[in-house]
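Have a look at the structure below, then the notes.
Below, chain A is the first sequence line, B the second, and so on; all start at residue 1. Only this structure's heavy atoms are used, side chains among them; waters, hydrogens and symmetry mates stay out.
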Amino acid sequence: MTSLSQIENKWRKRWEEAKIFEADPDESKTKCMVTFPFSYMNGPLHVGHGFTATRVDVYARYKRMQGYNVLFPWAWHWTGETIAGASERVKAGDEILIRAFREVDGVSEEHLKKFVDPVYMAKYYTDDSRESVKRLGYSVDWRREFHTTSLYPTFSKFVEWQCERLREKGYIIKGTYPVVWCPHDQSPTGDHDRQTGEGVIPEEYILMKYKMEDGTILPSGTFRPETIYGITNIWINPDSDYVKAKVNGETWIVSKTAAGKLAEQQKTVEILENFKGKEIIGKHFTSPLSTRKMLVLPGWFVSPDNATGVVYSVPAHAPFDFLALRDLQNNPELLKDFNIDPTEVQAIKPISLISVEGFGECPAVELVDQMGVKDQHDPKAEEATKTLYKKEFHGGKLKQICEKYAGKPVSRIKDILIDDFKEKGIADSMYDLPEPVVCRCMTPCQVKLLKEQWFIKYSDPTWKQKTKETLAQAKIYPDSARQWFLNIIDWLKEWPCARRSGLGTALPWSPGWIVETLTDSTVYMAFYTINKHLKQYKITGEQLPFEVFDYIFYGKGDIQKISETTKIPTNQLQEMRNEFLYWYPVDLRVSAKELLPNHLTFFLFQHTALFPDHLPKGVGVNGMLSVEGKKMSKSKGNFVTLKTALNEFGADATRCALLLGGEGMNDPDWRRETVGDIKTKLNGFVSLAQNILDKANQPDHGHLEQWLIGVLQERTKIVTENLEQLKTRTALENALFEIWNDFRWYIRRKGHFKSDTLKSALETWLKLLSPFAPHICEELWSKLGHTDFVSLAAWPVYDETKVNIQAEETENLTKNVMDDTSNILKATKMTPKKIYYYAAAPWKWKVYLTALKKSADGNIVVGALMKELMSNPDLKAVAGKVAKFAPTLVQEINRMPEDMKQKQLQVAELNETELLETSQEFFAREFNAKVFSFQEDSQDIVDPQSKAKFAKPYRPAIYIE
RNA sequence: GCGGGGGUCGCCGAGCCAGGUCAAAGGCGCAGGCUUCAGGAGCCUGUCCCGUAGGGGUUCGUGGGUUCGAAUCCCACCCCCCGCACCA
């Protein structure tokens, strides 16, 4: 007996030999290009990759069977710093990492030694993963395979072309950008590289330049620059270290730590003097917007590590400022050390500048009272600050005192105001971290302004708008992800698209920069269309100047000239152009939802910019696969590679288990035990099919055969509709379990396997199941005597004429009668000797159908119904009975769903009597009892307990003894 | 905090948008039975509680509301997952 794994190997080999997944342009067929985002080769593919990729493959196989010319290409991502970093760590002897390679990925010592070379590592995992992809039976055209980075020169050229064209369109710009920076590593510290401070991002403080009498500037950091109109004083922490420094040519006083930060932010900083804060307390200064003299006061709450360590006070609108001021006014002795005249402090009054609904002159004062905040050390002070900030920002309007900004809402005027102030030279800005960040190397991080950084301008409003149009014309599976895309498109800002280190393609115009990983993975699907030729004709990277790509993708340029300069024959150029035009755009791209906010959205943006005539047609998003209920991770020990899964369960079981895990954006879960169960189930399917193959040889075309063929039509419809929506789980559930149940019922009713209708039904079943479990379907298909592949068989088409509602309703009735009978037996705990069934009398059917018809125009009312019934002379003859019977139907029918009514109306009067008679044998077999059936009002009725009168259409009466 | 997706009878999950076919599909697991027995598999029954006649009771994160009627609609709250940027 052949084992499942032998079967899988056999068919994989046959597919490969027959090259059935190699797709070339064919004008007679509609094309369909499906893609899976290439995965990063710093480790083996795992079952999470398998989940998404299997969905792609199922769709590909389904479409192929529908007669589409399907292209499913594959590639590998090597770009970035992670592989290089891992390689470094192997070199450094990182035990944790090495153990993960050894134990989780199953890398042998011999290979592991060579992992000090990042390229070796990438190649190793690529080979390893390719094996898994093939074993899973994915219907990939391998002729188009490649990997990224400069190590694949033709692809590298493509990326250069992509960047160059983006830059021409003005979508790549140079700029400076604040990053969280580790001074030790001399590199940006991303979230995952942090010891503490995850999620912390640099915030921009506006520095308002207040002037002391000697011209020295006190740059005071704030998020609320409009409050400059309400300043009353400045706070300095008397005990902290401050410096006087030349900053960009001006003399500033800032905290000592702030001086260090400013130096990293594109400012020249030269320290002139060190001193404690108390030395400048008591001095006077002026606001650049007025001549009023104000005091520098002691504020112990001021942190020298936050922005400049210089804080200006707006007691009318900032609870902390009000509290600190009140403390000083109430405790004049605090001022003793500073040589300040207490009366001058007493005279300070809050200055109101924002009006906000629900508050009077000084919201901060009122709120502090309302909330009962005691002093500046009260934790409620922080809460009050936040509350007021929100209220004033969203609902506040500037008052008369704010001069030309008066009357404007705070939320709308803020950015304008900042620009104005900066332009006038009275404001500057700096970045700082709202919370401390410490790098993995234990070094505290700070903000650095990176200059000469290259960005993709995803912030561009026109580009955003066009990308939204791209999104609008694309199908999104599930459609609920659409809103998320829209939000991300709005939210996206400039994206740094080049890095200094790692593997990748050099930025063509700026040596020393390498194209970043999320940038070389946005439009590469276009490269699939031509890579077949590049390989076949051994075209090198040198032969691919930008003009070649311009010709292939845009049809631009003179083909003769290009051919001359590149030595690529014109026919080859022409072929590539045709191939691109044939396959593009991408019809479907699927990824897990974690990639939606970056990769998938970039994919839409860049196609919008570079391939506006070939916009993506479909994007699928699915959940994240967890393992045994937890997020998969190497360190948690629940990392399952595809190789492991394949070794244990084989391809078909792995595929089915993954798909049955979930669909939509729900997160499926991989449980070893469940996968095993599914493998068992598939074995069961094979033996059931084998049974049919062995026994189903007699022609038989009765009522039950019509029923089976009919329900298979419905299953076909459901599976097809769901696959169309990429609802792979529901589709598989129907293709496997529901159809199985149909077969079960049929075989049960027949009591044997002999009918050859089973064989033709099995044929349909195999087709519907083959996208999911292609190997076993292929095997059984051949056992049915086919010499072709089920993978290429024509997908079943729903045929309405084969649907037999009469047969369906009959079988439904049979099931109902059975259920009712068992229910009675269960309740009475009796063992039946004789069972009597009584079909409803013809006049009841008339009443029932009349009521049903009437309910088509809305709910029926008893009175109206009766009236109509009595107009029928037949019914009028039994008026008494009708009057009793009809009302019992009203509620039942009113609640019936529309499609059920429709079906029953279509069937009209079901011949229950005949059905019960022909099924007597079946019921007798099922219940192991003698079965009799009668019509309610027949002459020879045997009805010992007078049960017959309870009969209703679709609900025969029952008596059991 | 913001944005997206969720919370259903042991487990996985359908149903919810368009309220009554809903004690709520299907699968798995479990229990009993039948077949078979080389192993596996197949088939049937049961699986919230009660019930000697096809019935009744209590359920769909929590608390309210709308309705003749709510798993489904509205409001509030709680919990889980994903993303929040120089990182693949």
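Residue-level contact check: A/A957 touches the bases, meaning some heavy atom is under 4.0 Å from a base atom. A/N598 comes within contact range of at least one nucleobase, with a heavy-atom separation under 4.0 Å. A/M665 comes within 4.0 angstrom of sugar-phosphate atoms only, judged by non-hydrogen atoms across all strands, and of no base. A/I958 comes within 4.0 angstrom of a base, heavy atoms only. Base engagement by A/K826 is indicated by at least one non-hydrogen atom pair under 4.0 Å involving a base atom. As judged by a 4.0 angstrom heavy-atom cut-off over every strand, A/R748 is placed among residues touching the sugar-phosphate backbone only. Residue contacts for A/T517: at a heavy-atom cut-off of 4.0 Å it reaches a base atom on one of the strands shown. The residue A/K631 sits close only to the backbone: its heavy atoms come under 4.0 Å of sugar-phosphate atoms, none of a base. Residue A/L518 is classed as a base contact, given a heavy-atom separation below 4.0 Å to a base. As judged by a 4.0 angstrom heavy-atom cut-off over every strand, A/D667 is placed among residues touching the sugar-phosphate backbone only. If you check every strand for non-hydrogen atoms under 4.0 Å, A/T680 touches sugar and phosphate atoms only. Looking at heavy-atom distances under 4.0 Å, A/Q945 makes no contact with the nucleic acid at all. Nucleic acid contact for A/W740: sugar-phosphate only, since backbone atoms but no base atoms lie under 4.0 Å from a heavy atom of the residue. At the heavy-atom level, A/I747 lies nowhere under 4.0 Å from the strands shown.
Distance noted for atom P between B/A31 and B/C48: 16 Å (whole Å). Look at the C1' atom in both B/U72 and B/A23: the space between them is 16 Å, to the nearest Å. Look at the C1' atom in both B/G13 and B/G7: the space between them is 13 Å, to the nearest Å. For B/G54 and B/A24, the P atoms lie 16 Å apart once the distance is rounded to whole Å. Only the C1' atoms considered, B/C11 is 38 Å distant from B/C68, to the nearest whole Å. Separation of the P atoms belonging to B/U59 and B/G69 is 15 Å when rounded to the nearest angstrom. A gap of 8 Å separates the P atoms of B/C9 and B/G61, to the nearest Å. Rounded to whole Å, the C1' atom of B/G51 lies 34 Å from the corresponding atom of B/G42.
For A/F38 and A/Y524, the ring centers are positioned less than 6.0 Å apart. Taking the six-membered ring for Trp, A/Y389 and A/F223 have ring centres at least 6.0 Å apart. The aromatic ring centroids of A/F743 and A/W765 lie less than 6.0 Å from each other. Residues A/F950 and A/Y838 keep their aromatic ring centres 6.0 Å or farther apart.
Ranked by how close their nearest RNA chain B nucleotide is to the 5' end, A/E494 and A/K947 are led by A/K947. In terms of position along RNA chain B, the nucleotide closest to A/R955 lies nearer the 5' end than the nucleotide closest to the other residue of the pair A/M624 and A/R955.
A sub-4.0 Å separation between OP1 or OP2 of B/C2 and a side-chain N or O of A/N487 is absent. Contact check, A/R482 against B/G4: no side-chain N or O comes under 4.0 Å of OP1 or OP2. Checking the phosphate oxygens (OP1, OP2) of B/A14, a side-chain nitrogen or oxygen of A/N666 falls inside 4.0 Å.
B/G3 is paired with B/C82 under the Watson-Crick or G-U wobble criterion, all donor-acceptor distances under 3.5 Å.
The side-chain hydrogen bond (donor to acceptor under 3.5 Å, both in side chains) test with A/W78 singles out one residue from A/T126, A/D520, A/T517, A/T148, and that residue is A/T126.
Computed from coordinates, the A/L625 CG to B/C12 C1' distance equals 13 Å when rounded to whole Å. A straight line from CD of A/E926 to P of B/G33 spans 19 Å, rounded to a whole angstrom. To the nearest angstrom, C1' of B/C12 lies 14 Å from CG of A/L658.
The backbone N or O of A/Y431 sits less than 3.5 Å from a side-chain atom of A/Q265, completing a donor-acceptor pair.
A/F753 pairs by the ring pair (Phe, Tyr, Trp, His ring centres under 6.0 Å) definition with nothing, not counting sequence neighbours.
Put simply, the side chain of A/D820 and the base of B/G54 share a donor and an acceptor less than 3.5 Å apart.
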